[in-house]
Amino acid sequence: ALVAPGLGAAPGCDYPAHRWCSSRDTAVACQVESRCPSLPRPAAAPVQLSLYYESLCPACREFLVLMLFPTWLLLPEEMLNITLVPYGNAQERNVSGKLDFECQHGPEECLGNMMEACLMHEAKNFSTYFPVIFCLESGSSVTKNLEACLQIYAPEVDSGRISACVQGDTGVALMHHNAQLTEALHPPHQYVPWITVNGKHTDELQAQAEASLLGLVCNLYQGKKPEACGGSKAPKFPSGCRR
């Protein structure tokens, strides 16, 4: 009943007619996809969002805390894939053969950037470290609340390993990597937070992400929309941290 009478098998189709709609691969091989309404739809790719930021930039903290984290909580895991790159408007220097970093908001911001990079490195799993970063960025001090934030959101992560990373060569290597990622942006970043969506940055995408990230992701996602996509409004944010 699914296949029109008289429809011959396509070249390369070695299946009897009653099996042509048994799977998507079979339907493709027999060139009858359009005649198989019950086939499951292929899984949609997640929206890829990368946030280039610095730990003490007020606009970065606002976006991460009030927009990015709530959107991540509301949407299913397969719908949104987030990459965090803490570096921003920092400058990398080679001092007597050793890498050093100068940050827009001073040494404490460099420490905050490295702490968050080391946290990501040690925790590895995004769902483990993102709530901790949310806790750091939403609290009174990005650099002084690590122990408390870990106890609340990721007690399984060893703070000693993060401290060792920050004080050792690993932290420097992670910041060098983030510097390379940031400097490779095309177009080059002009301010932070700097947002790329599916690998692209435009003024329009940036404005849409800052106005309603949930709405933007819902519009871009090609799969079945969850209930959270019913509608969203969001507060306005302070202007970004320019170089």
Side-chain angles (χ1 to χ4, degrees), residues 1-4 7 9-10 12-53 60 62-85 120 123-135 137-138 153-154 181 185-186 193-237:
L2 293 173
V3 182
L7 179 66
C13 176
D14 298 325
Y15 303 92
H18 69 273
R19 289 191 55 201
W20 287 354
C21 291
S22 61
S23 73
R24 181 165 295 278
D25 288 343
T26 304
V28 170
C30 297
Q31 298 181 19
V32 294
E33 284 179 278
S34 62
R35 299 175 182 271
C36 301
S38 63
L39 282 179
R41 295 176 62 183
V47 175
Q48 304 282 343
L49 184 142
S50 294
L51 175 64
Y52 296 81
Y53 71 105
C60 298
E62 291 269 8
F63 179 77
L64 190 151
V65 170
L66 296 180
M67 190 69 75
L68 187 58
F69 188 73
T71 299
W72 176 71
L73 287 177
L74 285 168
L75 297 178
E77 183 178 347
E78 65 272 12
M79 191 168 170
L80 179 62
N81 186 24
I82 299 170
T83 299
L84 300 176
V85 185
M120 291 185 238
K124 294 179 174 58
N125 189 298
F126 186 85
S127 61
T128 300
Y129 64 71
F130 192 30
V132 180
I133 290 177
F134 161 79
C135 179
E137 293 291 341
S138 61
Y153 290 105
L181 291 176
L185 284 167
H186 183 75
W194 188 263
I195 301 158
T196 68
V197 181
N198 292 333
K200 298 179 181 179
H201 175 92
T202 65
D203 291 343
E204 182 180 5
L205 281 173
Q206 179 87 20
Q208 289 176 347
E210 291 185 335
S212 176
L213 181 61
L214 179 62
L216 174 62
V217 175
C218 287
N219 286 337
L220 292 176
Y221 184 62
Q222 298 299 304
K224 184 179 179 181
K225 317 285 186 184
E227 289 185 11
C229 288
S232 59
K233 293 184 179 179
K236 291 186 178 181
F237 293 94

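If you read the sequence from its start, that first residue is 1, and numbering goes on from there. All values below come from the heavy atoms of this structure, side chains included, with hydrogens, waters and symmetry mates left out.
- In this structure, Q206 contributes its side chain and P193 its backbone to a donor-acceptor pair below 3.5 Å.
- Between atom CD of residue Q48 and atom CG of residue L220 there is a gap of 11.5 Å, rounded to the nearest 0.5 Å.
- With hydrogens and angles ignored, the 3.5 Å screen pairs no side-chain donor or acceptor of E210 with any backbone N or O of Q208.
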May I have the step-by-step check of side chain to side chain donor-acceptor pair (under 3.5 Å) for N125 and S127, ending in yes or no?
CA-CA 6 Å; N125 189 298; S127 61; 2.5 Å; yes

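- In this structure the side chain of R35 never reaches within 4.5 angstrom of the side chain of W20, judged on heavy atoms.
- Ring planes of F134 and Y153: perpendicular class, angle over 60° (limits at 30 and 60°).
- The nearest pair of heavy atoms linking P76 to P226 is CD-CG, 3.8 Å.
- For the pair F130/L68, a side-chain contact is recorded, criterion being any heavy-atom separation below 4.5 Å from C-beta on.
- For the atom pair L214 CG and N219 CG, the distance stands at 9.5 Å (nearest 0.5 Å).
- Residues L74 and A228 approach most closely at O-CB, 3.8 Å, considering heavy atoms.
- The two atoms that bring V132 and T128 nearest to each other are CG2-O, 3.6 Å, heavy atoms only.
- H201 contributes a side-chain N or O that, together with a main-chain N or O of I195, makes up a donor-acceptor pair within less than 3.5 Å.
- The structure places CG of L213 at 9.5 Å from CG of L51, a figure rounded to the nearest 0.5 Å.
- Rounding to the nearest 0.5 Å places NZ of K200 at 12.0 Å from NE2 of H186.
- Note that CD1 of I133 and OH of Y53 are 4.5 Å apart. Values are rounded to the nearest 0.5 Å.
- The 12-atom threshold is exceeded at NZ of K124, counting heavy atoms of other residues, nucleotides or ligands nearer than 6.0 Å.
- Relative ring orientation between W72 and F69 is described as tilted, the plane-to-plane angle lying within the 30° to 60° band.
- When side chains are defined from C-beta on, V47 does not count as touching L75, because their heavy atoms never get closer than 4.5 Å.
- A distance of 4.0 Å separates CE of M79 from SG of C218, quoted to the nearest 0.5 Å.
- Using a 4.5 Å heavy-atom threshold, the side chains of C60 and Y52 count as separate.
- The nearest pair of heavy atoms linking P46 to Y221 is CA-CE1, 4.4 Å.
- Residues F63 and A209 come closest through the heavy atom pair CE1-O, 3.5 Å.
- For C135 against S138, the heavy-atom pair with the smallest separation is O-OG, 3.3 Å.
- For the pair L80/L49, a side-chain contact is recorded, criterion being any heavy-atom separation below 4.5 Å from C-beta on.
- When the shell of 6.0 Å around NZ of K225 is examined, it contains more than 12 heavy atoms from other residues, nucleotides or ligands.
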